[in-house]
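Single-structure report; data block below.
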Amino acid sequence: MKDADDVLLVIDVQNDFMPGGALAVAHGDEVVPVINRLARGFSHVVLTQDWHPAAHISFAANHAGRSPFDMLTLPYGEQVLWPTHCVQDTPGAALHRDLDIAHARAVIRKGHHAGVDSYSAFLEADRKTPTGLGGYLREVGVKRVWCCGLATDYCVAWSALDARAAGFEVALIEDASRAIDLNGSLEAAWRHLHAAGVKRVQAADLHSTLEAGDMHD
Ligand code: VGL
Ligand code: ZN
């Protein structure tokens, strides 16, 4: 069992990111049993939900003449235009029904400002607006953040990078995550993660990694 210094951060395991969903991640459903098992080893689990208003700026449908996966320059930077997904309180925004983590303590909903996207569970895409997760984790004494979920190269990677920037030790559990991989995004994400000191681990490594006492060995 991981101790009070550790949190498992389960990112966006939502219906719209599953095969057949509005923004399907290939094999996204395969993370569910892996995460369920991992979560039993953590006393502290936090979940996130992508949680957009229908008028959200990241939706291609809200930009005349634009298509999903086009790029658009916005005041805060380059934005991928996505298919409409994870609209607040719709079935697509619900967590996968087989996700079985009764002891999860908190759910952070992100991307709720119509004019700003938020891949990261910590900081919105304007890179200024905090979600509050960093303050919450610090206040309860968390030192290490173990990230998993969907999608590896977007919300999981951005969350892991921001957790590092906030001063936590961070690992990304590769086989408890799946990627979108748009125009080389997965390779680029791993490059950034490595440079930032985010450890790349597999679910089976977790116990031995913790026993070693230092994620950066
Ligand atoms: C995500 C694209 C748009 C994710 C969310 O959860 O990785 N990707 N919104
Ligand atoms: Zn989104």
Side-chain angles (χ1 to χ4, degrees), residues 8-32 34-35 46-63 66-72 74 76-96 99 107-127 129 131 133 145 147-163 170 172-190 192-193 198:
L8 181 67
L9 183 60
V10 178
I11 304 193
D12 297 0
V13 182
Q14 292 167 272
N15 293 327
D16 273 342
F17 298 123
M18 299 298 158
L23 177 41
V25 179
H27 305 284
D29 52 336
E30 293 173 7
V31 304
V32 174
V34 181
I35 292 172
V46 172
L47 314 176
T48 73
Q49 281 177 295
D50 213 34
W51 199 253
H52 301 309
H56 197 250
I57 198 161
S58 79
F59 296 166
N62 292 327
H63 301 272
R66 298 296 189 136
S67 305
F69 310 108
D70 284 355
M71 295 297 299
L72 184 63
L74 293 176
Y76 60 75
E78 291 293 299
Q79 172 72 52
V80 181
L81 295 180
W82 301 106
T84 298
H85 65 279
C86 296
V87 174
Q88 294 169 357
D89 216 18
T90 61
L95 296 169
H96 190 291
L99 196 67
V107 181
I108 289 282
R109 289 169 164 174
K110 60 185 179 61
H112 50 80
H113 291 124
V116 187
D117 205 359
S118 191
Y119 298 145
S120 166
F122 292 86
L123 212 53
E124 298 191 25
D126 60 4
R127 312 314 291 147
T129 309
T131 64
L133 179 59
V145 180
C147 301
C148 61
L150 303 173
T152 313
D153 44 345
Y154 286 94
C155 291
V156 184
W158 283 59
S159 297
L161 290 167
D162 283 352
V170 186
L172 196 162
I173 311 166
E174 186 174 21
D175 57 344
S177 308
R178 292 292 184 280
I180 294 173
D181 202 11
L182 188 63
N183 304 320
S185 56
L186 182 58
E187 192 265 322
W190 279 118
H192 294 135
L193 290 160
V198 173

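Just so you know, ligand 1 is whichever comes first in the structure, and atom 1 is the first atom listed for that ligand. Along the sequence shown, residues carry numbers from 1. Both backbone and side-chain heavy atoms feed into the values below; hydrogens, waters and symmetry mates do not.
Computed with the Zn ion (ligand 2) at the centre, the His52 NE2 to His85 NE2 angle is 100°, stated to 10 degrees.
Taking 4.0 Å as the cut-off, Gln14 does not count as a neighbour of ligand 1 on heavy-atom distance.
Of all atoms in ligand 1, listed by their number and element, those nearer than 4.0 Å to a heavy atom of Asp50 are 5 (C), 9 (N). Taking a cut-off of under 4.0 Å to the non-hydrogen atoms of Asp12, the atoms of ligand 1 that pass are 4 (C), 6 (O). The contact set between ligand 1 and Ala151, taken as ligand atoms under 4.0 Å from a residue heavy atom, comprises 4 (C), 6 (O), 7 (O). Listed by atom number, the atoms of ligand 1 under 4.0 Å from Cys155 heavy atoms are 1 (C), 4 (C), 5 (C), 6 (O), 7 (O). Which parts of ligand 1 touch Leu150 is read off a 4.0 Å heavy-atom cut-off, strictly below it: atoms 4 (C), 6 (O), 7 (O).
Of all the heavy atoms in Gly28 and Met18, the pair that sits closest is C-SD, 3.7 Å. Ser177 and Thr152 get closest at one heavy-atom pair: CB-OG1, 3.3 Å. Pro53 and Gly111 make their closest contact through CD-O, 3.6 Å (heavy atoms, listed as atom of the first residue, atom of the second, distance).
When distances from the Zn ion (ligand 2) to the N, O or S atoms of Asp50 are compared, OD2 comes out shortest.
Side-chain contact between Val116 and Ile57: absent, with no pair of heavy atoms (C-beta onward) separated by less than 4.5 Å. Two residues are said to be in side-chain contact when any heavy atoms from C-beta on lie closer than 4.5 Å; Cys147 and Val170 meet this criterion. Phe17 places a side-chain heavy atom less than 4.5 Å from the side chain of His85.
Every N/O-N/O distance between Tyr119 and ligand 1 stays at or above 3.5 Å. Considering backbone and side-chain atoms alike, Asp117 places every N or O at 3.5 Å or more from each N or O of ligand 1.
Counting only non-hydrogen atoms, the option in Tyr154, Trp82, Phe17 that gets closest to atom 2 (C) of ligand 1 is Trp82.
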task = Decide side-chain hydrogen bond (donor to acceptor under 3.5 Å, both in side chains) for Asp50 and Gln14; before the verdict, give the C-alpha distance in whole Å, the side-chain angles of both, and the deciding distance to 0.1 Å.
result = CA-CA 8 Å; Asp50 213 34; Gln14 292 167 272; over 6 Å; no
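Side-chain atoms of Ser67 never come within 3.5 Å of backbone atoms of Asp70 as a donor-acceptor pair (strictly under, hydrogens ignored).
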